[in-house]
Structure formats: C-alpha cells, structure tokens
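Below: the structure, in structure tokens.
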There are 2 protein chains.
Amino acid sequence: MNTMTATPSPFSPADRPQLGLRERKKIKTREAIRTATYALVKEQGYDATTIEQIAERAEVSPSTVFRYFPTKEDIVITDEFDPIILDELRARPADEPWMVTLRYVMRKAIQFGLKEDEETSRLRSHLMVQVPAVRSRMMESMSVTGNMLCQAIAERTGRDPESLEVRVYAMSLIGGLMEASLYWAESGHQGEFSDLVERAMDVLEHGLSE
Amino acid sequence: MNTMTATPSPFSPADRPQLGLRERKKIKTREAIRTATYALVKEQGYDATTIEQIAERAEVSPSTVFRYFPTKEDIVITDEFDPIILDELRARPADEPWMVTLRYVMRKAIQFGLKEDEETSRLRSHLMVQVPAVRSRMMESMSVTGNMLCQAIAERTGRDPESLEVRVYAMSLIGGLMEASLYWAESGHQGEFSDLVERAMDVLEHGLSE
DNA sequence: CCATGAAATGAGAGTAGCTCTCAAAAGATG
DNA sequence: CATCTTTTGAGAGCTACTCTCATTTCATGG
C-alpha cells in the first residue's frame, strides 16, 4: 500500500536485459536483503533479528543494508502498490461513481498483492500487529498513499489536491482500510481479506447508520 | 489526543495534599522532564536534543528519564486528553445524534487543549510535521484513542466495540481529524483550529459530495 | 523517634540501530 | 586497455534504549 523508495515493478531481473549489469545487481541485492530479512524474522522474530545477521545472510556488508533501506522497518514494509493503484484509478472511466471505482481498484490491488506472495503479505500484517515500530512506520507510509489518493481524487473531482477537504477525506479512507487489515491480522487472517474490505467500504460510504 | 501512561489529570501538585510525598515528587519529576525537553527542543530542535541534556536540565539521571518515558518521542507527545474526551462523550444525552455529540466534544477538547498551553500544543503539532519519528509515534498513539472511541460508540449504539464496522468507523474518524491537525500545522497554524475541525467533520459526515 | 521494609534513583556497562568517511573493488566508456 | 564513475566494505562514532546493582529516600509500625 505504500512505497518510499521507487521500487521497480515486480518483474524478475532477468526479464529486463536492457538494464546494465550494475542495475541488475542492485535489484538482486535489494531482493537478497529482503529475502534474508523475511527468512530470519520468520525464524527468530523481528526484534531478535539484527542488521548484522541480515547482512551476513544476504552476503553484503551492514553498510550496504542501510544504503538500500533507511531503517530496519523499511526492509519489511516497503512494497510497490501505490503506483499500480494510481494507474488503475486513472484507468477507470471518469463518469463512474467514485465509490464504485474505489471498490473495483481495491479488489484488484488485493488480488495482486495476495497472488504475488501470500505468505509474505501475511507475515507483514502480522508484524504490523506485533511490532510497534513496524506498525508506526507502516502508518507513516500511509500518508504517502494518502497523498497519492488526494491526487487521484483531485483529478477526478476537479478539486485542489491540497485542500483540507480532499486530504481529510483521503486520510479517513486510508485510516479505515488500515484498520481493516489490522483486524484481519489480529483475527489470525480468518476469512477473505477482500470481504473485510467490502464491509469496511460499506462503513466508509454510509457510516454506521444502517 | 492520547495517553499511553496514566497521567493524572492536569492539576498542580500542590492541589492534592492527600497524595504522599513520593507521589508528589513523581509528578514533579515528570513535569520537570517534560518542561526541560520542550525548552531544549525549542532552542536546538528535536534531533539535536539528547536524553543526556534533558536529564541534566531536569536534574535527574538519564536512567530516570527512561523510567518515566519509554521513548524520547513520548516525552513530547504524551497528553491526557483521552480520558477527558471519553468522559465528555459519556456525559452527553444518549438520544443526541452522534455527530452532534462528536462535534460538541471535539470543540470542548480543543478549547481545553489550547487553553492549557497554546504554545506547547503548537510546538507539538509542529514537531509532528517535521520529525518523522514523532509523527510515527503520534499516529500509533492514535490507535489508543481509536480504541477509546470504539468503546464510546459501542456504548452509544449497542454494537460490539470489537466489531470490524465500529473499528473501521472509529479509525476513519481519527484519520480524518489527524489530517486536519497536520494541515493546521503545515499551514503555519493559520486560522482557528476549531474551524478546520468543523470542516473536517463536514467531510466525515457527508463525504466530498456536496 | 527510630528501625525495618519498600520504592525511587544513580551509576555504569552493554546492545543495536543508524551515520559518516575513506579506501578498495567493480562496472561503464572510449 | 586505461580512465572515470558507481558501488561496496571496513570501521569508527553517536545515541537511544535496556539491565543490573548499590545507594538513597520515603512510608510504616512500634
């Protein structure tokens, strides 16, 4: 749902021979660090996993780890959904009701996210519940997603993306959706996440009234 | 808007002679640490201010600082609004429309918060904008406020406070209000905060439609 | 008022996240 | 192959944060 660093879209490095050896190595290193981190966290838990261990398993130096990710939490939470979601939002017809668009795009994003690596996305939301630092960082990255949403809403409605109204609206959406994914993780990932999101959207659209 | 530690309500220590010397000293120390921190942050900025400096100015040891506040950010963000807001919410007549209640209570909370120490609450929201770590922690503490809101909403509507619907609704409210205060700080605290909150409430109630 | 017990404090050592610098290694370029 | 640029590794250094233990400070019953 967020990305601070401009992660290239999810294709394996081999798919892009047009990139120089340098670029390909960078992508490899990045993935190696992430893979190593996920594995270690699965084995020992988040706090018990140190940067040194991550560096060792990824076969890079600790300095390099920090060159690729500003903080330890970022190794875990970074994803590349935002640009995809933005594209999808823009691709919808302009006269479609906003909520219909939103539901459609969210459903698609969830499909995409779960398909790519189900276990990883579960681990991620699990960490969000268990590790305060990760949750914090995750929430902060929401504001990036929020800005993107503001942009999309502004384009759609002709409002100023920086206006209080648009920003409040976007953040309330994101807050609600965030809570839905927390709920999902807290309840041990029971049921379909997409169902929860549908219910969350109902609340966001109509309030608690009904 | 939040409190992780159970700060006693805002009365000067002298007002409560029924407390033992020990308790009164604890309150004094807590306030000394906070005062020292605010002063140093105003002088040098947040990052440049170290725990050692804070300890020195508050005339306690660094260990003591950590005994009173789990993290450096907590020294800055902790406040004691949650219980007050909860009480106010409960004090409203049960048949009053929910949004009316909410607007009333928010207005009151803002009055209270600004009156107590205007400059401090400005500094706080300023830090929220400027220092990522503070913003993160602030956002996380929102979930505490969120739980409180769930409780209040549940009591009012007879729903389960743990239900997805209530939780999503609460967090969307909080996300929106949070954004309003960020907006206020980003625009240099122009205008009345309460006006911004009114506008935010309009959006939260009716969406962007009108 | 003093003795005993409990709580708060200070001192200090230790861990780990994160930053910065500089020299060595590896890829790009002509 | 030579040169230039980018990436990496090594290591020192800072600081938030934790833990332990001895010392001091307050509370309490006699």
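The chains referred to below are lettered A, B, ... by the order of the sequence lines, with proteins before strands, and numbering in each begins at 1.
- A donor-acceptor pair under 3.5 Å links the side-chain atoms of B/Arg159 to the main chain of A/Leu208, judged by distance alone.
- For D/dT7, one of the phosphate oxygens OP1 or OP2 lies less than 4.0 angstrom from a side-chain nitrogen or oxygen of A/Lys26.
- Side-chain proximity of B/Ser63 to the nucleotides C/dG10, C/dG17, D/dC17 is greatest for C/dG10.
- Nearest to the side-chain atoms of B/Thr71 among the listed nucleotides D/dT8, C/dT9, D/dC17 stands D/dC17.
- With rounding to whole Å, B/Ile33 atom CD1 is found 12 Å from C/dA8 atom C1'.
- A/Thr64 comes within 4.0 angstrom of the backbone, heavy atoms only, and of no base.
- A donor-acceptor contact under 3.5 angstrom links the side-chain atoms of A/Arg67 to the base of D/dG9.
- Per the geometry, NZ belonging to A/Lys28 stands 11 Å off P belonging to C/dG27, to the nearest Å.
- Within residues 39-61 of chain A, the residues that have a heavy atom under 4.0 Å from DNA chain C are, in order of number, A/Thr49, A/Thr50, A/Ile51.
- OP1 or OP2 of C/dT9 sits under 4.0 Å from a side-chain N or O of B/Tyr68.
- Across the protein-nucleic acid pair, B/Arg22 atom CZ and C/dA8 atom C1' stand 7 Å apart, rounded to whole Å.
- Rounded to a whole Å, the NZ atom of A/Lys72 is 14 Å from the C1' atom of D/dA16.
- B/Ser61 and B/Ala55 get closest at one heavy-atom pair: C-CB, 3.8 Å.
- Between B/Arg137 atom CZ and D/dA16 atom C1' there is a gap of 13 Å when expressed in whole angstrom units.
- Here the side chains of B/Tyr169 and B/Trp98 are in contact, with some heavy-atom distance below 4.5 Å.
- Remark: C1' of C/dT9 and CZ of B/Phe69 are 16 Å apart, rounded to the nearest angstrom.
- Summary of the strand contacts: A/Lys25 and B/Glu23 both lie near DNA chain D, and taking for each the nucleotide with the nearest heavy atom, the more 5' one is attributed to A/Lys25.
- With respect to the salt-bridge test (charged N to carboxylate O, under 4.0 angstrom), the residues A/Glu205 and A/Arg103 qualify.
- For A/Leu21, whose side chain is taken as the heavy atoms from C-beta onward, the closest listed nucleotide among C/dA28, C/dA8, D/dT7 is C/dA28.
- What you find for B/Met201 and B/Leu102 is that their closest heavy atoms are CE-O, 3.7 Å.
- In this structure, A/Glu140 pairs ionically with A/Arg137, as a charged nitrogen and a carboxylate oxygen lie closer than 4.0 Å.
- Relative to the six-membered ring of B/Tyr46, B/Lys72 meets both conditions, a distance below 6.0 Å and an angle of at most 45° to the axis.
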